[in-house]
Amino acid sequence: MPIVPLFGHQSLAGRLDASARDGTLPASLLFHGPSGAGKQHLALQLARTLLCVADDAPCGSCQGCRYMGELSHPDLHWYFPRPRLKSADPDVAEISLDMGQAIQERVATNGLYPAPPGSDALHVAAVRAMVHQASRAPAIGRRKVFVIGDADRMAIDEDSAVAANAFLKLLEEPPDDTTLILTSSEPGALLPTIRSRVVAVRVPALSDADVREFIAYPSVATLLRAAYGDASGASELIRLAGGRPGRLITSEEERGAAVAAHRLVEAAASGSRARWTRAAAALGSTKARGGFNASLEHLTVLLHERLREAVENGRDQRAVQLGQAILAVEKARDHARGNINPQLAGMSLMRQLASALGQRRKRDAV
């Protein structure tokens, strides 16, 4: 198959497939959970089952399964954030062509792709195209499946009331031959009117064992070796992934920022002044202010994750320390928006992080 298989979520995928086979699957679903946990991949797995014509779907050999193996099934409509097209008001054909090309780009990399940049979105023209395609009969099968990735980045508001209302109606009363699967890492950012019309399914982070299998898969291992080098072993990659292997598939800048964030926390928590001073110098010497900001963003996410873990495990003192560290990073991010020298900001931040995280026992390691 051109795209990597689904790793983890076997139990959840099995329940969804069984529901699809016995006809009890809700028509409008929302897969939500951590970014990089495989929500869209799980949705495509479910689409394969829905578009298979065999009784024991997915059979892997029928025409529908073969098309799905290449993500070229005409009744699969996969949407995700894209740059705005140059045309002021692109029609359905233009949107379909753009999405088709973007899907093939993802197929060409075995379904291993970085998250769309923040400037990309599901623009109103794409929403109109979804509504139009949902109104048409299936091309070759018995039904149509829409997978809408990063649905929280759907640009529908009061300025696009017609498209918004049409999409909401589609979610509430989809045609009998249509299934809609939305995915989101930030379900709270979805319009309440959208959340109220879908059945939410939580997609959790993967276990370390599942991540280990993912990074050992041949095409994945090849990509990660090229991206991270042989110096990054399995343990380091598993730690960087944090149960969300999709986070390892990033642009070079984002990848460097993620690695830098982990190293900053380690340096601050080490208790070694020499180590965190070197980390501060490395952070401040970034060639581009954007790289400095990206490192701070990853650092914020990393600390929030560990704060949640500390709270869940009843480690109150560790939670307080992490809260102080988050405040320090947020302060540095505010400074970074101005004209402050990144090196000065980096040194100040590391001093505060070391103060918050440096005094800890080994068993409370971050």
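Being a predicted model, the structure only gives us computed values, none of them experimental.
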Asker: Any chance you could measure Ser28, atom OG, to Leu170, atom CG, to the nearest 0.5 Å?
Answerer: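 So the gap between those two atoms works out to 7.0 Å.
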Asker: Using distance alone, with no hydrogens and no angle criterion, decide if Ser19 and Arg15 have a side-chain donor and acceptor under 3.5 Å apart.
Answerer: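 There is no such pair (donor and acceptor under 3.5 Å, judged by atom type) between the side chains of Ser19 and Arg15.
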Asker: Just checking Asp56: does its CG atom have more than 12 heavy atoms from other residues, nucleotides or ligands closer to it than 6.0 angstrom?
Answerer: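 Enclosed: over 12 neighbouring heavy atoms sit under 6.0 Å from CG of Asp56.
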Asker: Checking side-chain hydrogen bond (donor to acceptor under 3.5 Å, both in side chains) for the pair Gln45/Arg48: CA distance, chi angles, key distance, verdict?
Answerer: CA-CA 5 Å; Gln45 168 74 20; Arg48 182 179 293 113; 2.9 Å; yes
Asker: Can you find a heavy atom in the side chain of Leu353 that is under 4.5 Å from one in the side chain of Val329?
Answerer: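 Yes. Closest side-chain heavy atoms under 4.5 Å.
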Asker: Got a second to check how far Ser135's OG is from Lys144's NZ, nearest 0.5 Å?
Answerer: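 Going from the OG atom of Ser135 to the NZ atom of Lys144 covers 7.5 Å.
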Asker: Please report the shortest heavy-atom distance between Ala37 and His9, naming the atom on each side.
Answerer: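 Closest approach of Ala37 to His9, heavy atoms only: O-NE2, 2.7 Å.
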Asker: Mind jotting down which residue pairs meet the salt bridge (charged side-chain N to carboxylate O under 4.0 Å, His left out) criterion with at least one end in residues 79-102? Sequence neighbours excluded, please.
Answerer: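 Qualifying pairs: Arg82-Asp98, Asp89-Arg128.
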Asker: What is the minimum heavy-atom distance between Leu206 and Pro245, and which atoms define it?
Answerer: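 Of all heavy-atom pairs spanning Leu206 and Pro245, the closest is CD2-CG, 4.1 Å.
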Asker: Please report the interatomic distance CG(Asp75) to OG1(Thr179), rounded to the nearest 0.5 Å.
Answerer: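 If I round to the nearest 0.5 Å, the distance is 11.5 Å.
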Asker: Tell me whether Arg136 at atom CZ has more than 12 heavy atoms from other residues, nucleotides or ligands lying less than 6.0 Å away.
Answerer: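 No.
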Asker: Does the side chain of Gln63 come under 3.5 Å of the side chain of Arg66 through a donor N or O and an acceptor N or O?
Answerer: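 Checked: Gln63/Arg66 side chains show no N/O donor-acceptor pair below 3.5 Å.
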Asker: Ile148 versus Met130: any side-chain heavy-atom pair under 4.5 Å?
Answerer: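 Ile148 reaches Met130 side chain to side chain.
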Asker: For side chain to side chain contact (heavy atoms under 4.5 Å, CB included), just list the numbers for Leu76 and Tyr67, CA-CA rounded to whole Å, side-chain angles, deciding distance to a tenth of an Å, and then say yes or no.
Answerer: CA-CA 9 Å; Leu76 169 69; Tyr67 280 145; over 6 Å; no
Asker: Taking all non-hydrogen atoms of both residues into account, name the closest pair between Ala20 and Thr49 and its distance.
Answerer: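 Looks like CB-CG2, 4.1 Å.
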Asker: When rounded to the nearest 0.5 angstrom, what distance separates CG in Asp152 from CZ in Arg195?
Answerer: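 If we round to the nearest 0.5 Å, Asp152:CG and Arg195:CZ are 11.0 Å apart.
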Asker: Salt-bridged, Lys169 to Glu172, with N to O below 4.0 Å?
Answerer: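 No salt bridge links Lys169 with Glu172.
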Asker: Would you say that His123 contacts Pro90 through its side chain, given a criterion of any heavy-atom pair below 4.5 Å between the two side chains?
Answerer: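 Counting from C-beta outward, His123 and Pro90 never come under 4.5 Å.
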Asker: Is the closest basic N to carboxylate O distance between Asp177 and Arg142 below 4.0 Å?
Answerer: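 No.
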Asker: In sequence, state the C-alpha distance, the side-chain angles, and the governing distance for Asn110 and Leu223, and then conclude on side chain to side chain contact (heavy atoms under 4.5 Å, CB included).
Answerer: CA-CA 10 Å; Asn110 302 105; Leu223 184 150; over 6 Å; no
Asker: How many angstroms lie between OG1 in Thr183 and CG in Leu29, if you round to the nearest 0.5 Å?
Answerer: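 Taking OG1 in Thr183 and CG in Leu29, the distance rounds to 11.5 Å.
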Asker: Nearest 0.5 Å, please: how far is CZ in Arg247 from CD1 in Ile249?
Answerer: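 If I round to the nearest 0.5 Å, the distance is 12.5 Å.
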Asker: Should we count CD of Gln104 as having more than 12 external heavy atoms under 6.0 Å?
Answerer: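 Count over threshold, so yes.
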Asker: Quick one: ring pair (Phe, Tyr, Trp, His ring centres under 6.0 Å) pairs with a partner in residues 75-107, sequence neighbours left out?
Answerer: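 Output for this query lists His77-Phe146, Trp78-Phe80.
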Asker: Take atom CG in Asp22; do more than 12 heavy atoms of anything else shown fall under 6.0 Å from it?
Answerer: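 For Asp22, atom CG is crowded (more than 12 foreign heavy atoms under 6.0 Å).
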Asker: Step by step, work out the side chain to side chain contact (heavy atoms under 4.5 Å, CB included) result for Leu25 and Leu50.
Answerer: CA-CA 10 Å; Leu25 188 74; Leu50 289 165; 4.0 Å; yes
Asker: Tell me whether the count of non-hydrogen atoms from other residues, nucleotides or ligands lying under 6.0 Å of OH in Tyr113 goes above 12.
Answerer: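 It does: Tyr113 OH has more than 12 such atoms within range.
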